[in-house]
Novice: 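Take a look at this one; I'll ask things after.
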Number of protein chains: 2
Amino acid sequence: MVRKKQGDKENAIIEAAVKVFSQKSYHGSTTSEIAKEAGVAEGTIFRYFRTKKDILSKILIKVIESYAQTVVVDSLREFLTNYKDSNANEKEVIKALLRERLKVIEANLPLVKILFTEIQFHPDLRKVWVEKVVRPSMDVAVAYIEKKKKEGKIKAEVNAEVATRSFVGMVFFMVLSKLMLYEKLDLSLSESGELDQIVDILFEGIAARTIKG
Amino acid sequence: MVRKKQGDKENAIIEAAVKVFSQKSYHGSTTSEIAKEAGVAEGTIFRYFRTKKDILSKILIKVIESYAQTVVVDSLREFLTNYKDSNANEKEVIKALLRERLKVIEANLPLVKILFTEIQFHPDLRKVWVEKVVRPSMDVAVAYIEKKKKEGKIKAEVNAEVATRSFVGMVFFMVLSKLMLYEKLDLSLSESGELDQIVDILFEGIAARTIKG
DNA sequence: ATAATAAGTGAGTAATCACTCATTTAGGAG
DNA sequence: CTCCTAAATGAGTGATTACTCACTTATTAT
């Protein structure tokens, strides 16, 4: 027997809103369209969400908090792997981490698109994003790089923040360009070799090794 | 004597639209607001532009055709091909190229923001962007990298497209993160040291040089 | 100066928007 | 079944939208 769960309609509305927002942008979407997509009456939307903006906020706050959680996990894991075997190849650690993150991103591409589009135009949401994810992530990454610099694994002259931004930029842009060129992703990002190549470039650069004078 | 130029109002409308679109997104903007910002009556807008979409299209097509095509593609080609016989350090060539490009980007940040936001939701404009700028730029960059690979300056195992995307991503994200964190850019991107650091990372990576077994 | 033409205007319009609320439908308790 | 309450509905509402058009103002030609 299929029992109707409470929250069914609310989830239907959220899923519909994610779809419509990601395709038409927040301001380009209408509540009537979201209702239609969700298979509910327009009035039903406003029993679960006070305003249209409230739909967007609830969607993005949830995403932001789940990402904030992964930041905590990342820092914890670094702590643990450090104890286990400190000789672990940094590159392989980063590759594994990236592969895992990309899986999550791939499974939630519309959400990622909404996030990066709308935080530009909603300062309240941008503030939460920066405070809960951007700054903590940067802190974790910088701490990691500084430690590796002391261990002699990363060049001392590398600026940790710049290196972090560079890496995130490489990954972000890989996702973005695939999203734009192909309506649908033809091959999995997390499975493509591009991931490994990016990390290789980050660590070793593109220049051929030369004997320096 | 100040003579009123024809095209004055059209330019005023375009400038106003760039400002409003960049702050509120296309769908979040209204023609009445653009008119107010431009200091013209709302009806005047529709003497120069058939529809609201027509404003956006004219703005972006202009950016893509007159600006991006010549400034990005043509100069990229010139930069990368005209240095061919010189012994100039590739890194310095890239740095000079990037410094110049960033100046143009900085001078047109609102336009850049509109471009990257709206091509997501306007397939007609995205198509023009990809065909006139993305693909030609990629072709030039790939040709350059392949040449340098043959010259032994760049590692043979580097994938040219991945390397290009990585580099563009690094730069793009540097601009993006500054744009988001600070309402206004506090220091010039083209003058900041981050530019040089990014190119250093691209060429040499972050890993400390080790004697490989 | 006058006529002819173009540029500019803003009140007006139909359509659409986010949101409300009186009413209907559904589900569980007794 | 009969209540009772909460969930769901969709026609209705005032505000706002992109766009029009009859009209006014400015510019040019003669």
Side-chain angles (χ1 to χ4, degrees), chain A residues 1-61 114 117-118 120-125, chain B residues 1-61 114 117-118 120-125:
Chain A
M1 212 49 64
V2 188
R3 199 156 80 86
K4 214 178 190 176
K5 282 183 283 186
Q6 60 180 5
D8 242 14
K9 303 242 160 172
E10 187 174 358
N11 281 335
I13 292 164
I14 284 182
E15 277 172 37
V18 167
K19 185 174 176 185
V20 177
F21 283 163
S22 73
Q23 284 171 356
K24 308 210 171 176
S25 86
Y26 172 74
H27 285 297
S29 305
T30 68
T31 50
S32 78
E33 197 176 1
I34 294 168
K36 199 186 216 175
E37 179 73 35
V40 302
E42 199 171 350
T44 307
I45 288 180
F46 295 95
R47 293 188 54 78
Y48 293 96
F49 305 93
R50 285 164 30 258
T51 61
K52 182 188 166 192
K53 171 70 184 273
D54 192 39
I55 309 174
L56 179 70
S57 297
K58 286 208 170 106
I59 289 172
L60 289 189
I61 293 293
I114 296 171
T117 303
E118 301 306 336
Q120 293 187 281
F121 305 108
H122 301 270
D124 54 330
L125 297 170
Chain B
M1 214 49 62
V2 188
R3 201 157 79 85
K4 215 177 189 175
K5 284 183 284 186
Q6 59 181 4
D8 243 12
K9 303 244 160 175
E10 187 174 359
N11 280 335
I13 291 165
I14 285 181
E15 277 172 35
V18 167
K19 185 175 176 185
V20 177
F21 283 162
S22 72
Q23 284 171 356
K24 309 211 171 176
S25 86
Y26 171 74
H27 280 116
S29 305
T30 67
T31 50
S32 78
E33 196 177 1
I34 294 168
K36 200 186 217 176
E37 179 71 34
V40 301
E42 200 172 349
T44 307
I45 288 180
F46 295 95
R47 291 189 56 79
Y48 292 97
F49 305 92
R50 283 162 33 256
T51 61
K52 183 187 164 193
K53 171 70 185 273
D54 192 37
I55 310 175
L56 179 70
S57 296
K58 285 210 171 107
I59 288 172
L60 290 188
I61 294 293
I114 297 172
T117 303
E118 301 307 336
Q120 292 186 282
F121 304 108
H122 301 269
D124 53 331
L125 297 171

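Lettering follows sequence order; numbering is per chain, from 1.
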Novice: Of all the nucleotides listed (C:dA18, D:dA18, D:dA8), which has the minimum atom distance to the side chain of A:R47?
Specialist: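 Per side-chain heavy atoms of A:R47, the pick is D:dA8.
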Novice: Taking CZ from B:R50 and P from D:dC19, how many angstroms apart are they, rounded to a whole number?
Specialist: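 That distance rounds to 10 Å.
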Novice: Rounding to an integer number of Å, can you tell me how far B:F46 CZ sits from D:dA18 C1'?
Specialist: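 Rounding to the nearest Å, CZ of B:F46 and C1' of D:dA18 are 5 Å apart.
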Novice: Rounded to whole angstrom units, what separation is found between the CG atom of A:D8 and the C1' atom of C:dG27?
Specialist: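 Those two atoms, CG and C1', are 15 Å apart.
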Novice: For side-chain contact (heavy atoms from CB on, under 4.5 Å), just list the numbers for A:N11 and A:Y48, CA-CA rounded to whole Å, side-chain angles, deciding distance to a tenth of an Å, and then say yes or no.
Specialist: CA-CA 10 Å; A:N11 281 335; A:Y48 293 96; over 6 Å; no
Novice: Under the rule for ring-ring contact (aromatic ring centres under 6.0 Å, His included), what residues qualify as partners of B:F21, not counting sequence neighbours?
Specialist: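 ring-ring contact (aromatic ring centres under 6.0 Å, His included) list for B:F21, sorted by chain: B:Y26.
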Novice: Is A:K9 near enough to D:dT9 that one of its side-chain N or O atoms lies under 4.0 angstrom from OP1 or OP2?
Specialist: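 Answer is yes, contact under 4.0 Å.
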Novice: Could you tell me which residues satisfy salt bridge (charged side-chain N to carboxylate O under 4.0 Å, His left out) with A:R50, sequence neighbours excluded, listed by chain and number?
Specialist: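 In terms of salt bridge (charged side-chain N to carboxylate O under 4.0 Å, His left out), with neighbours along the sequence ignored, A:R50 is linked to A:D54.
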Novice: Using the salt bridge (charged side-chain N to carboxylate O under 4.0 Å, His left out) criterion, which residues pair with A:K24? Sequence neighbours excluded.
Specialist: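 Residues passing salt bridge (charged side-chain N to carboxylate O under 4.0 Å, His left out) with A:K24: A:E33.
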Novice: I'd like to check the side-chain contact (heavy atoms from CB on, under 4.5 Å) partners of B:A38; sequence neighbours left out, ordered by chain and number.
Specialist: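 B:A38 satisfies side-chain contact (heavy atoms from CB on, under 4.5 Å) with B:A12, B:I13, B:A16, B:V40 only.
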Novice: For the pair made of CD in B:E42 and C1' in D:dC21, what is the distance, rounded to whole Å?
Specialist: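 Rounded to whole Å, this separation is 14 Å.
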Novice: When you compare the protein's N or O atoms with those of nucleotides 23-25 of chain D, which come within less than 3.5 Å of each other, and at what distance?
Specialist:
none

Novice: Restricting to non-hydrogen atoms, name the atom on B:S29 and the atom on B:S25 that form the minimum distance, rounded to 0.1 Å.
Specialist: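 What the structure gives for the nearest pair is OG-O, 2.7 Å.
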Novice: A:E37: what forms a salt bridge (charged side-chain N to carboxylate O under 4.0 Å, His left out) with it, not counting sequence neighbours?
Specialist: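 A:E37: salt bridge (charged side-chain N to carboxylate O under 4.0 Å, His left out) contacts with A:K19.
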Novice: Please list residues of residues 21-40 of chain B whose heavy atoms come under 4.0 Å from any atom in DNA chain D, ordered by number; otherwise none.
Specialist: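 Heavy-atom cutoff 4.0 Å gives B:S29, B:T30, B:T31.
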Novice: Can you list, in residue-number order, the parts of residues 52-61 of chain A that come under 4.0 Å of DNA chain D, counting heavy atoms only?
Specialist: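 Of all residues in residues 52-61 of chain A, none places a heavy atom under 4.0 Å from DNA chain D.
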Novice: According to salt bridge (charged side-chain N to carboxylate O under 4.0 Å, His left out), who are the partners of A:D124, at least two apart in sequence or on a separate chain?
Specialist: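 Salt bridge (charged side-chain N to carboxylate O under 4.0 Å, His left out) check on A:D124 returns A:K53.
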Novice: Once side-chain hydrogen bond (donor to acceptor under 3.5 Å, both in side chains) is applied, do any residues pair with A:S32, and if so which ones, sequence neighbours excluded?
Specialist: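 A:S32 satisfies side-chain hydrogen bond (donor to acceptor under 3.5 Å, both in side chains) with A:T30 once adjacent residues are dropped.
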Novice: Taking only the side-chain nitrogens and oxygens of A:Y48, find out if one of them lies under 4.0 Å from OP1 or OP2 of D:dA7.
Specialist: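 Checking D:dA7 against A:Y48, no side-chain N or O comes under 4.0 Å of OP1 or OP2.
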Novice: Taking side-chain contact (heavy atoms from CB on, under 4.5 Å) as the test, write out the residues that go with B:T31, two or more places apart.
Specialist: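 Result, side-chain contact (heavy atoms from CB on, under 4.5 Å) vs B:T31: B:E42, B:I45, B:F46, B:K52.
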Novice: Please report, rounded to the nearest Å, how far the P atom of D:dA7 is from the CD1 atom of A:I13.
Specialist: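 The distance from CD1 of A:I13 to P of D:dA7 comes to 13 Å, rounded to the nearest Å.
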Novice: Given atom CD1 of B:I45 and atom C1' of D:dC21, what is their separation to the nearest angstrom?
Specialist: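 Nearest whole value for this atom pair: 16 Å.
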Novice: Does D:dA18 have its OP1 or OP2 closer than 4.0 Å to a side-chain nitrogen or oxygen of B:T51?
Specialist: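 Checking D:dA18 against B:T51, no side-chain N or O comes under 4.0 Å of OP1 or OP2.
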Novice: Mind checking side-chain contact (heavy atoms from CB on, under 4.5 Å) for A:Q120 and listing every partner two or more places apart, or none if nothing turns up?
Specialist: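 With sequence neighbours excluded, A:Q120 shows a side-chain contact (heavy atoms from CB on, under 4.5 Å) to B:K113, B:T117, B:M180, given in chain and number order.
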